[in-house]
Amino acid sequence: MGKNLELLQGIHKLEYEERMKRIQDFCDLTDEDLQVLSGEKRIPVSTAENFIENVVGFFPLPMGVANYVNIDGKDILVPMAVEETSIIAAVSATAKWVRQNGTLRTFVRGNLIIGQIQIPNIRNRERTIEILRDRREELIAISNGMIPGLVKRGGGVKDIVFRRLDHNDGSMAPRNQMLVLHVLCDPCDAMGANLINQVCEGLKPFVEAWTDEKVGMCILSNLVDGKIFAAEVRINDVDPKVGFGIEEATRFAKADPYRAATHNKGVLNGIDPILIATGNDWRAVEAGIHAYAARSGRYHPITDWKMDGPDLVGTLEAPMCVGIVGGVTRLHPTAVVAMKMMKIQSSNELARICAAVGLIQNLGALRALSTVGIVEGHMKLHASNIAIAVGAEAHEIEQVREQLILVLQKERSISFSRARDVLEEIRGRRTLDSALY
Ligand code: MEV
């Protein structure tokens with residue numbers, strides 16, 4: 001167990017102030033960092049004006065922390081910004097199970113993102129390839145001339161490859177051949193979208209002048225299969241009923257895209273909230289993951305679970321294109337504190353955490369689904385939201401929540417109308433009590 005991990009045990013039971021004291025100690029946060037997290041130090045609207053257009057204000061999401069997460073032997077408190085009840089509780093409980101009985105390791109394969117330069121309706125594809133192949137080194141040098149800072153840090157454009165695509169879509173396009181150049185770039189700690197887009201647009205006039213062909217689009221690809229992150233969980237001596245249930249759940253997702261979509265949504269429940277907390281472009285990662293999941297032509301789960309003797313082994317493999325510089329990652333005060341909480345030093349570290357937590361989240365969901373179901377656990381945590389939704393005042397929420405949990409245990413479900421009845425009963429009882437005394 002890490003030096004200070006005891007600090008974080010049971011933090012969900014603590015009052016906010018005490019919880020924050022422990023987190024401050026564990027993550028070496030300053031008082032100012034805490035004020036950013038609590039919202040006491042407000043982010044001015046002028047900051048938002050720098051991020052987007054037509055600003056009207058902010059949309060605050062709750063941010064919590066998942067604890068007990070131990071990745072590659074290191075304890076990490078994971079900040080997650082998300083609106084859905086029970087995600088953080090599920091990660092923490094599942095991570096605790098893993099840390100007590102096994103390991104969670106991560107891997108990275110490759111370091112190249114992709115920029116696409118498209119030549120649609122190409123007149124002479126083979127000749128164009130020949131010309132550009134001969135000038136590949138020149139193209140790489142021109143590219144790297146546009147991003148000297150990145151090159152100095154060891155990154156930059158490393159290669160250019162050619163893809164022949166034909167479209168037989170019955171359109172009125174004059175020709176049906178297309179050539180796409182993939183500009184392969186190591187973005188170091190950036191997610192890389194802006195820089196690769198600039199490189200591709202910068203190459204366009206050269207490609208056009210040398211080939212006498214007309215370039216169409218220049219844009220990155222979110223299917224970043226040149227930079228794949230993987231995570232592996234091994235849990236020793238798992239109850240075979242649970243282990244084989246989880247294995248069977250994976251088989252279902254492999255056999256059925258309808259299930260695979262929900263399965264992967266559960267994985268993304270672990271990933272997106274970290275991306276949001278750190279100011280990353282979660283749409284880009286989502287798009288990449290879904291495209292990767294469908295790369296065989298059919299949509300698949302991005303995780304796999306199998307029993308290996310008495311152990312349960314799970315793996316996740318997917319592109320996870322994130323940055324710790326660029327975008328708003330260093331501009332959004334909350335994102336800066338979130339990075340600090342995880343002591344992130346490189347974009348790969350952040351991507352590894354995303355992969356690991358995605359896998360853990362998936363395990364939590366599959367364990368619940370293949371044993372008791374998720375309704376009871378989820379609805380228990382969601383009960384206060386329902387209480388608020390049916391109009392419970394602050395002083396009534398706890399009482400309504402407790403009653404709803406009893407209803408859930410007895411009737412196996414809670415509906416809004418049932419919650420309204422509960423609230424009315426409580427109010428009625430109170431009126432009667434005050435009339436009697
Ligand atoms: C709910 O947000 C996520 C789950 O549906 C994932 C799954 O079914 O694996 C529980």
Side-chain angles (χ1 to χ4, degrees), residues 12 61-66 69 78-98 104 231-233 235 238 241-277 282-283 285-287 289-290 292-294 298-307 312-318 320 354-386 389 408 412-416:
H12 60 287
L61 268 180
M63 183 161 109
V65 286
V69 178
V78 185
M80 301 177 81
V82 67
E83 88 299 343
E84 188 175 332
T85 319
S86 87
I87 284 182
I88 291 175
V91 175
S92 303
T94 314
K96 192 172 182 182
W97 182 34
V98 173
L104 169 54
E232 185 196 89
V233 160
I235 312 179
V238 168
K241 255 204 341 238
V242 174
F244 284 111
I246 291 169
E247 190 178 296
E248 181 53 39
T250 315
R251 228 175 272 137
F252 180 12
K254 283 182 187 169
D256 181 6
Y258 284 89
R259 172 58 205 155
T262 323
H263 178 108
N264 287 345
K265 192 273 181 180
V267 178
L268 287 159
N269 274 349
I271 297 174
D272 283 348
I274 306 174
L275 299 175
I276 295 171
W282 72 95
R283 287 90 53 212
V285 175
E286 288 250 357
I289 287 180
H290 292 304
Y292 193 70
R298 169 153 180 209
Y299 193 82
H300 274 277
I302 58 162
T303 67
D304 197 6
W305 292 95
K306 278 200 177 76
M307 286 299 280
L312 175 67
V313 178
T315 50
L316 171 149
E317 190 193 274
M320 209 78 61
C354 290
V357 175
L359 185 60
I360 291 285
Q361 183 83 62
N362 174 238
L363 173 60
L366 298 189
R367 176 160 73 148
L369 286 165
S370 58
T371 53
V372 291
I374 62 153
V375 171
E376 187 169 331
H378 179 78
M379 292 309 272
K380 252 188 201 166
L381 293 171
H382 191 54
S384 353
N385 290 351
I386 298 180
L408 178 67
R412 310 287 308 154
S413 69
I414 323 175
S415 63
F416 280 107

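Quick note: numbers below take in every heavy atom, side chains included, and nothing from hydrogens, waters or symmetry partners. Whatever order the structure lists them in is the order used to number ligands and atoms, beginning at 1.
- Applying the salt bridge (charged side-chain N to carboxylate O under 4.0 Å, His left out) criterion to Arg251, with sequence neighbours excluded, gives Glu247, Glu248.
- Atom NE2 of His12 is separated from atom CD1 of Ile88 by 12.5 Å, given to the nearest 0.5 angstrom.
- Distance OG1/Thr250 to NE2/His300: 13.0 Å, rounded to 0.5 Å.
- With Ile360 as reference, Val233 is the one residue of Val267, Val233, Leu316, Val69 to meet the side chain to side chain contact (heavy atoms under 4.5 Å, CB included) rule.
- In this structure, Lys96 has no salt bridge (charged side-chain N to carboxylate O under 4.0 Å, His left out) partners at least two apart in sequence or on a different chain.
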Measure and list all N/O to N/O distances between ligand 1 and the protein that fall under 3.5 angstrom.
unit_1   : atom_1 : unit_2 : atom_2 : d
ligand 1 : 2 (O)  : Glu84  : OE2    : 2.7
ligand 1 : 2 (O)  : Lys265 : NZ     : 2.7
ligand 1 : 2 (O)  : Asn269 : ND2    : 2.9
ligand 1 : 8 (O)  : Arg259 : NH1    : 2.8
ligand 1 : 8 (O)  : Arg259 : NH2    : 3.3
ligand 1 : 9 (O)  : Arg259 : NH2    : 2.7

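- Annotation: ring pair (Phe, Tyr, Trp, His ring centres under 6.0 Å) contacts of Tyr299 (sequence neighbours excluded): His290.
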